[in-house]
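Reading through the structure tokens given below for one structure.
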Amino acid sequence: MSPTMAGLAIIAGLFVLLGTGMPIAFALGLAAILALVMEGGFSIFYVLSETMFAGIANLAYVAIPMFVLMGAAVASSPAGADLYTALDRWLNRVPGGLVLSNLGACAIFSGMTGSSPATCAAIGKMGIPEMMRRGYPASVATGSIAAGGTLGILIPPSVTLIVYGIATETSIGRLFMAGVFPGIMLTIMFMVWAIIDCKRKGYEFDTRALRFTLREKLSGLPRILPFLLIIAGTLYVLYGGIATPSEAAGAGALLTLLVVIIAYRLFRIRPVANIFGSAMRESVMIMMIMAAAELFAFALSSLFITQTIATAIAGLEVNRWVLMGMINVFLLAAGMFLPPVAVIVMSAPLLFPIITQAGFDPYWFAIILTINMEVGLITPPIGLNLFVINAVAPDVPTREILWGSLPYVLVMFLAIVILCVFPGIVTWLPNHMMGVPI
Amino acid sequence: MVNTYILVVNNLSRALAVLATLLLITAMLVVCQMIAVRYILRMATIWQTDFVVFTATAAIFLGAPYVLLKGGHVGVDVVELMVGEKTRRGLRIVASFLGLLFCVAMLVASWIHFHDAWAGNWKHSSVWAPPLWIPLAALPLGFGMLCLQYIAEILKLFVNAELKAPAPAVGADALGQIPAAHTLREIPR
Amino acid sequence: QTILKASHQFPGGKGDIRDEMVQMIARDVAAANVDLQIQVFPGSSLYKPNDQWNALTRGLLDMSSFPLDYASGKHPQFSATLMPGLVGNFDRAMRLNDSDFMKDIKKVIEDAGVVVISDAWLSGAFASKKNCITAPDTIKGQVIRAAGPAFEEMLVAAGASISSMPSSEIYTGMQTGVLDAANTSSASFVSYRLFEQAKCLTAPGENALWFMYEPVLMSKKVFDGLTPDQQKAILAAGEKAEAFFNEEVRKGDQKLIDTFKQANVEVVEMSKADYDAWLAVAKESSYKNFAERVPGGEELIKKALAVE
Ligand code: NA
Ligand code: NA
């Protein structure tokens, strides 16, 4: 069988397995094992376990459970509600003010966690019911949270940027910096869209007449303090010469736990155990997919499929922007069906040489890839953020959520185009702070 | 009999989950200790990096059976949503057997790996040089338990023949737990 | 036609000499017309660096350019191939290849089911953003990222503090101040642009502490299964690649020095006295641990030191 045929067969096999509804991690692994056994017999069993284990036994990957833990700690406390309330007092008179509060809270929260579902859950838990209570349509309420939550992997820290950094041997610290301005830009673009949309549809609610005094506005601010403290503390550990990104994650997690426990007096075992329990579950889910994706990538490479595709793409005599367009389409398609980490583990080693060969900046590409993955988080059939919204607001039909988040997908496409035209938005900060890269 | 089996397996998975959680907490604390030793005390750190990597990795495999019990390993539910009640049940049984097949294969593979490391006295190539069989033991343990848990989940499907479409199990509960993707469906996948 | 798989962790098609060696062998073997084709998987695109050894011994992977120390957890003797001060300079590395020391090492390799196709000793350097690293007391109080456990042991004994990270993080580490100094291969110093962060480079020169053995290996099971013609073609290609390596690796060191000088980094070398002082530290730390941990370890070190 030629590599191309084998590739089609293994991808088709994966789709059949996924179609049964079995866990993505196990479907990836099973498809890989079947392909490997058919290629080389059962002696392959000697390396399966090592491939999975070594795939995630990496100091940088320890950062993933740590950044998830940071998110879980804040999400389990009333901190998310406080953040939200404080922002609302300042923004409630703007058209769609509550949407802006949501998006702003998501952006700030993204600075504390590397995971999008965590961001979505923390802010959505408070934000969605509040918006619906004040008369916003369900689609606007859920769509904005689903989209705002995706900022979690763009604004540093970010789980996907860590995975990209390891897969491509690029600097994680530098990748984080590259995400800062695009993250801010995308937040602002989301907000601009929210204002336009709410103004256009005329969402005028009684609450808009409600005026908060300056005193009330200011009194909400100290509640944001713990957040700023956590973000500043983690940034200091990260860029102040104290620890590497992976180590900073551990310090950030401990700091967040202490702040949350002390600020909200969670001095009982139960709530603290819940924080750890939910962080463990989300980490296991993410990392098992990564480990299994290593098996799948190994199978693809072993059958020479990856190399055949890479050579085919590299050999295309097309304009580099046509190439970039094709890669984006590929990433969007992959992102629809697979979670971000799986896409990156499998495709980064394939795409990285092609990208650099075509003269694109690897850090810039990391951000383009991340925004593509953000789209995947809010598109069916596998959209982790959609699952979370479903849990937070079980009464809202999925169709409404999708309808609400669709405009934000278009905004993300626009952001990709803007970053293609002005790559400096990505590269300026890291280049300015750390010199021009290799 | 069947119920006893399910009960025992569920509790074993929970026990491993507690262990996995403790390992993650330990990893976090050791990372902080490592930073302190190096940055504040300016002393060498020898064992911390290996320790952190291996505890965190072992935790993932040990926690997996409990996440299966909680329906927390995400899957694609498009087909499931398109078909009728009866087909859906059949689909779940097929999915569970396929999942079990993967876990059995990995149990065999990870047992070989663990056994080689044990018999060959493999060490990690670092200054601290911890024996590799210790962290590697998490794989056969995790996959073995995943197999048992899958069997329990399949038994549940047959016992509760009248399985209704599962209600989204968790939202934000009283304690304000994070309702992450994994808490959505209490069904075997 | 037989297709063999060759894997390594170095960037492909970018002029890395270890990649070039394997690509060269693949080209020469194909040109020999012995019904043999070698597919090269660069940049860890097939096996993770550490996993290559097991795959070789099992016959699942056919060929690899492999830093032998990575398998020292399975064969502790291999630590001697990344041992401070055991090599010194390129000329001595060539003499070492034919010594009793390497005969013993290759015996362990073969007993594990692997054969050496080409020898290759890679040089490395030190760089610091504080002060030049020459004599052992110059490292005191510096946080350094070292390449290899035996080096970590020696540096700790000299009063350094160790931070582990992949070489891709060294730049950021030095920039943010997590690291004061770094020790890695000459090639990495250039490719990761560490000249932008360093104040002083300790180039390999005549008295180089850091050398690593990174031979091209083949699975013995696979090699024995080839026809005599195919074996001959591979051995001939291996020899040619080895000669190529020995020439290029010296050019690499010159390039390292040139690049750092161009970036206004001070470039120094260790004197014989510095080298001997480090050797004394190593004897009390890494050599001693090695002798205690490895059966026949003391003997092995003696054999290596005995080479002229
Ligand atoms: Na984030
Ligand atoms: Na999706």
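All values reported here derive from a predicted model rather than from experimental measurement. Lettering follows sequence order; numbering is per chain, from 1. These numbers come from the heavy atoms of this one structure, side chains and all, not from hydrogens, waters or symmetry mates.
For the options C:Q175, C:M174, C:K48, heavy-atom pairs under 4.5 Å to chain A are most numerous at C:Q175. For chain C, the option among A:P349, A:S302, A:A167, A:G240 with the highest count of heavy-atom pairs below 4.5 Å is A:S302. Across C:K5, C:Q39, C:Q197, the residue that shares the most heavy-atom pairs under 4.5 angstrom with chain A is C:Q39. Comparing A:I172, A:L350, A:T51 by heavy-atom pairs within less than 4.5 Å of chain C, the highest count is held by A:I172. When the candidates A:E169, A:Q357, A:E247 are compared by the number of heavy-atom contacts under 4.5 Å with chain C, A:E169 comes out ahead.
Interface with chain C: from residues 29-37 of chain A, no residue qualifies, criterion being any non-hydrogen pair under 4.5 Å.
The neighbour count for C:K220 NZ, taken as heavy atoms of other residues, nucleotides or ligands under 6.0 Å away, does not exceed 12. Taking a 6.0 Å sphere around NZ of C:K129, one finds it holds more than 12 heavy atoms contributed by other residues, nucleotides or ligands.
Between C:F151 and C:F126, the ring planes are tilted. Angles from 30° to 60° get that label.
C:Q9 and C:Y70 share a donor-acceptor pair across their side chains, judged by distance under 3.5 Å alone.
Using a 4.5 Å cut-off between heavy atoms, C:L60 touches chain A through its side chain atoms alone. Within the 4.5 angstrom heavy-atom criterion, no atom of A:T306 approaches chain C. Residue C:S44 does not touch chain A at all, counting heavy-atom pairs closer than 4.5 Å.
Nearest heavy-atom pair, A:A60 versus A:I166, reported as atom, atom and distance to 0.1 Å: CB-CD1, 3.2 Å.
Counting only residues at least two apart or on different chains, the side chain to side chain donor-acceptor pair (under 3.5 Å) pairs with a member in residues 52-68 of chain C are A:E50-C:N54, B:D116-C:R58, C:S7-C:Q52, C:Q52-C:S64.
Among C:K255, C:K261, C:Q254, the one residue that satisfies the side-chain hydrogen bond (donor to acceptor under 3.5 Å, both in side chains) test with C:D258 is C:Q254.
Salt bridge annotation for C:K199-C:E266: absent, with no cationic side-chain nitrogen under 4.0 angstrom from a carboxylate oxygen.
Taking the six-membered ring where the residue is Trp, the centroids of A:F304 and C:F41 are separated by under 6.0 Å.
Counting only heavy atoms from C-beta outward, the side chains of A:F352 and A:P362 approach each other to under 4.5 Å.
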